[in-house]
**Q** 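Here's a structure for you.
This structure is a prediction, so every number in the text was calculated from the model and none was measured.
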Amino acid sequence: MKHVALLRAINVGGKNMLPMKALAEIFTNLGCRDVVTYIQSGNVVFSAPAAVLKKLPRTISQKISDDFGYQVPVVVRSHEELIAAIRGNPFLQAGEVEKMLFVAFLSDAPSADLVATLDPQRSPPDRFAVAGKDIYLHLLNHAAKTKLTNTWLDSKLRTVSTVRNWATVLKLHEMTKP
């Protein structure tokens with residue numbers, strides 16, 4: 001089964017520069033197979049044994065810290081989880097324009113109590129919907145201007161998030177197909 005690792009804040013705005021070739025090598029050296037990167041912003045499609053997969057987010061983050069000197073959160077999703085994320089997007093189902101749709105992938109599903117602390121009026125007219133380990137974002141203010149940021153989500157939900165636009169989610173789904 002193929003998975004995708006979603007690394008946050010790689011090669012964005014000139015920060016945390018990490019060549020994709022070096023990133024692919026890290027995955028291969030840690031026991032992953034069929035390693036392919038997608039665009040320069042930290043998307044890695046791979047296959048891995050269950051034992052490797054279980055500790056991969058922590059191991060990759062530590063290896064990048066050791067080798068490159070900065071912390072990078074890593075979230076992993078399986079092909080099936082990507083299918084569920086695509087099918088579950090309430091904004092897509094409502095017919096919203098795809099270029100305004102994003103998904104924040106969370107490392108852990110937040111409790112209902114934590115989700116209840118999220119302010120739906122934080123960044124109008126932007127909207128969000130939480131479903132398990134995914135947060136669907138409809139960003140009319142665009143990603144660069146929204147106040148629905150990783151930092152805010154992480155602090156409120158006590159987890160790690162990384163956001164991808166809808167086109168990238170669809171491409172990663174295609175790349176993880178068996």
**Q** Salt bridge or not for Lys156 and Asp119, using N-O below 4.0 Å?
**A**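 Answer for the salt bridge query: no.
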**Q** When clusters are formed by joining ILVMFWY residues with side-chain heavy atoms under 4.5 Å apart, either directly or through shared neighbours, do Val115 and Ile135 land in the same one?
**A**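 In one cluster: yes.
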**Q** So which atom in Ala85 and which in Phe105 form the shortest heavy-atom distance, rounded to 0.1 Å?
**A**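 Distance-wise, the nearest heavy atoms are CB-CE2, 4.3 Å.
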**Q** Taking all non-hydrogen atoms of both residues into account, name the closest pair between Trp166 and Asn89 and its distance.
**A**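 Taking every non-hydrogen atom into account, CZ3-ND2, 3.1 Å.
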**Q** Side-chain contact, heavy-atom cut-off 4.5 Å: Asn141 with Pro125?
**A**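 Asn141 reaches Pro125 side chain to side chain.
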**Q** Does the separation of the ring centres of His79 and His3 fall below 6.0 angstrom?
**A**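 No, they do not, as the ring centres are separated by 6.0 Å or more.
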**Q** State whether the number of non-hydrogen atoms from other residues, nucleotides or ligands found under 6.0 Å of Arg122 atom CZ is greater than 12.
**A**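 Atom CZ in Arg122 is crowded, with more than 12 foreign heavy atoms closer than 6.0 Å.
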**Q** Looking at every heavy atom in both Pro19 and Phe68, which two are closest together, and how far apart are they?
**A**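 The answer is CD-CE2, 4.4 Å.
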**Q** Is there a side-chain contact between Glu81 and Lys133 (heavy atoms, below 4.5 Å)?
**A**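 Yes, their side chains come closer than 4.5 Å.
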**Q** Does a side-chain heavy-atom distance below 4.5 Å link Ile39 with Thr168?
**A**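 Yes, side chains in contact.
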**Q** Please report the C-alpha distance between Ile10 and Ser41 in whole Å, then the side-chain angles of each, then the deciding distance to 0.1 Å, and finally whether the side chain to side chain contact (heavy atoms under 4.5 Å, CB included) criterion is met.
**A** CA-CA 5 Å; Ile10 292 290; Ser41 59; 5.7 Å; no
**Q** Hey, quick one: are Leu53 and Ile26 part of the same hydrophobic cluster, counting side-chain heavy atoms closer than 4.5 Å, chains of contacts allowed?
**A**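 Hydrophobic grouping puts Leu53 with Ile26.
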**Q** Tell me, do Tyr70 and Ser65 make a side-chain contact under 4.5 Å, heavy atoms counted?
**A**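 Counting from C-beta outward, Tyr70 and Ser65 never come under 4.5 Å.
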**Q** If you take all heavy atoms of Leu170 and Glu98, which pair is closest and at what distance?
**A**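 What the structure gives for the nearest pair is CD1-OE1, 3.9 Å.
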**Q** Restricting to side chain to side chain donor-acceptor pair (under 3.5 Å), what partner residues turn up for Ser107, sequence neighbours left out?
**A**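 Here the qualifying residues are Thr159.
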**Q** With side chain to side chain contact (heavy atoms under 4.5 Å, CB included) as the criterion, how do Met175 and Lys171 come out once you've worked through the C-alpha distance, each side chain's angles and the decisive distance to 0.1 Å?
**A** CA-CA 6 Å; Met175 292 177 70; Lys171 179 63 174 179; 4.1 Å; yes
**Q** On a heavy-atom basis, which atom in Asp34 and which in Ser47 lie closest, and how many Å separate them?
**A**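 So the two residues come closest at OD2-OG, 3.3 Å.
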**Q** Is there a path of hydrophobic side-chain contacts, each under 4.5 Å between heavy atoms of I, L, V, M, F, W or Y residues, that connects Leu82 with Phe91?
**A**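 Shared cluster, yes.
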**Q** For the hydrophobic clusters of this structure (ILVMFWY residues joined by side-chain heavy atoms under 4.5 Å, transitively), does one cluster hold both Leu137 and Leu140?
**A**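 No, it is not one cluster - the side chains of Leu137 and Leu140 are not joined through contacts under 4.5 Å.
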**Q** Evaluate the criterion side chain to side chain contact (heavy atoms under 4.5 Å, CB included) for residue pair Ile64 and Leu23; output intermediate values, then yes/no.
**A** CA-CA 8 Å; Ile64 291 170; Leu23 182 58; 4.1 Å; yes
**Q** Arg164 and side chain to side chain contact (heavy atoms under 4.5 Å, CB included): which partner among Val4, Asn43, Val103?
**A**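 Of the listed residues Val4, Asn43, Val103, the side chain to side chain contact (heavy atoms under 4.5 Å, CB included) partner of Arg164 is Asn43.
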**Q** Does the pair Tyr38 and Val45 meet the rule for a side chain to side chain contact (heavy atoms under 4.5 Å, CB included), with working shown?
**A** CA-CA 8 Å; Tyr38 175 65; Val45 174; 5.6 Å; no
**Q** Any side-chain heavy atom of Thr146 sitting closer than 4.5 Å to one from Phe128?
**A**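 Contact flag for Thr146/Phe128 side chains = no.
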**Q** State, yes or no, whether a side-chain contact exists between Lys2 and Phe46 at a heavy-atom distance under 4.5 Å.
**A**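 Of all side-chain heavy-atom pairs linking Phe46 with Lys2, none is under 4.5 Å.
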**Q** A side-chain contact here means heavy atoms from C-beta on lying under 4.5 Å apart; do Leu157 and Leu118 qualify?
**A**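 Yes, their side chains come closer than 4.5 Å.
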**Q** State yes or no: do Ile86 and Val75 share one hydrophobic cluster built from I, L, V, M, F, W and Y residues joined by side-chain heavy-atom distances below 4.5 Å, directly or via other members?
**A**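 Yes, because Ile86 and Val75 connect within a single hydrophobic cluster, where side-chain heavy atoms sit under 4.5 Å apart.
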**Q** Check Gly132 against Pro110 and note the closest heavy-atom contact, atom names and distance.
**A**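 That would be O-CD, 3.4 Å.
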**Q** Compare all side-chain heavy atoms of Asp154 with those of Arg8 and state whether any distance is below 4.5 angstrom.
**A**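 Heavy-atom side-chain distance check passes, below 4.5 Å.
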